[in-house]
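Worksheet for the structure shown next.
Computed over heavy atoms, backbone and side chain alike; hydrogens, waters and symmetry mates excluded. Remember, it's 1-based here, ligands and their atoms both numbered in the order they're listed.
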Amino acid sequence: MKAVIVKPGEKGATFSNVEIKEDQIKGEEVKIKTLRVGICGTDRGIVNGKLDFARPPPGYNFLVLGHEGLGRVEEVGDKVTSLKEGDLVVPVVRRGCGKCLNCKIGRQDFCETGEFVEAGIRGMHGFMREEFVDDAKYLVKVPRDLGELAVLAEPLSNVMKAFDELIFVQKRSVWHCEDSSYGCRNVTIIGSGPIAQFFAMTFEANRFNVTMLNRRDPNEIEEKISRTVGFKFVNISNGLDEVPESDVIVDTSGYPSAFIPLIKKLKRNGALILFGTVGGEKSEITSDMITKFVEYNIAVIGSVNASKLNFEEGLSYLSLWKARYGDVLKSMITKVVKPEETHSAVLEKAKG
Ligand code: BGC
Ligand code: ZN
């Protein structure tokens, strides 16, 4: 079948005819026709040879790219009761090691052995292919109202997980406000790409006061989202004066040089969520910074991947935002390209 593939050690992605062993579908399995696959920084990292954990499945010398999938059910095995032909589904990315307790209870996002695989990233083919067969337990059913917007569910699931973790960790003290809401809490988000936008929308939906930062003015889409959703965008190229004292700082950039100067804005009992990853930058951690973390009870939360529940939460938020904000979600999908244009789409974005 036709698929977008990458080969380890080679840069770029090709649209090729490949052979993938797939038997007749078994009782719990579902055959899915791919409709849309999102492209993100992880794909760019793989295509540029910068993610050293990217690898093909055993027995293959190529990896089918694509982890942000959306497809339509074509056929279901005789034991599947949760899905039927024609349903739209989003597959989860990570599949557990089968050994540790977290993986055994569907929390492979907290795998303890590190022996998990991730579709389109490491050890398992991704979704940029005409069709694929998957176990029903890894498929999340898409509400009818969402249609192709559900391709946003996978990146959003990661944000849902990080938000859940924050609320869980902050239960260490009384953290809600006098009226029981989070309306007195400030969150500052570093970066303004789609993940930062999802963080802003999630915190706003939970009534936090949201500020988004970049070292430039917002572009057209960012401006529209901040106006429609109702959060502040601050250009910090001339300093941090306009950045409020914050209960939470979320870094989506992965650059220590971006979040280290902002640590002085963190309030007591606050949290720093680290979400972005990039390779290579070196920065200094000072003992004064450590003193601040200790004296202020600062929690540092690193977060990756998401559970099936987080996908479901994400789909509910997407329905809410679609109803509330009109075509804002649609404008987050900046471009739709054909499979044969994937190579240039991935590289083109890398320049930006
Ligand atoms: C995906 C996650 C995955 C991570 C690996 C992200 O782009 O959304 O599911 O665990 O990459 O680093
Ligand atoms: Zn992604």
Side chain to side chain, Q197 and M212, heavy atoms closer than 4.5 Å: yes

Within reach of ligand 1, part of N158 (heavy-atom separation under 4.0 Å): side chain

Part of R122 with heavy atoms under 4.0 Å of ligand 1, whether side chain, backbone, both or neither: side chain

Proximal atoms of ligand 1 relative to E154 (non-hydrogen, under 4.0 Å): 1 (C), 2 (C), 8 (O), 9 (O)

Residue portion contacting ligand 1 (non-hydrogen atoms closer than 4.0 Å) for L51: neither

Quiz item: cation-pi between K224 and Y325, 6.0 Å / 45°: no

Whether E68 has an N, O or S atom under 2.8 Å from the Zn ion (ligand 2): yes

For atom 11 (O) of ligand 1, closest protein heavy-atom neighbour: T42 OG1, 3.3 Å

Minimum side-chain heavy-atom gap L166-D164 below 4.5 Å: no

L266 side chain reached by I249 side chain, heavy atoms, under 4.5 Å: yes

Enumerated ligand 1 atoms positioned under 4.0 Å from heavy atoms of E118: 3 (C), 5 (C), 10 (O)

Distance filter under 4.0 Å to F53 heavy atoms, resulting ligand 1 atoms: 12 (O)

For atom 9 (O) of ligand 1, the protein heavy atom that lies nearest, with its residue and separation: N305 ND2, 2.8 Å

Check ion pair E204-R207 (N to O, under 4.0 angstrom): yes

Qualifying residue, where the test is salt bridge (charged side-chain N to carboxylate O under 4.0 Å, His left out) with E131 and the options are K33, K31, K2, R72: K31

Under 3.5 Å side-chain donor-acceptor pair for N186 and S246: no

E68 to ligand 1, any heavy atom closer than 4.0 Å: no

For V304, the ligand 1 atoms whose distance to one of its heavy atoms is below 4.0 Å: 10 (O)

Whether over 12 other heavy atoms sit under 6.0 Å from K11 NZ: no

Any C40 heavy atom less than 4.0 Å to ligand 1: yes

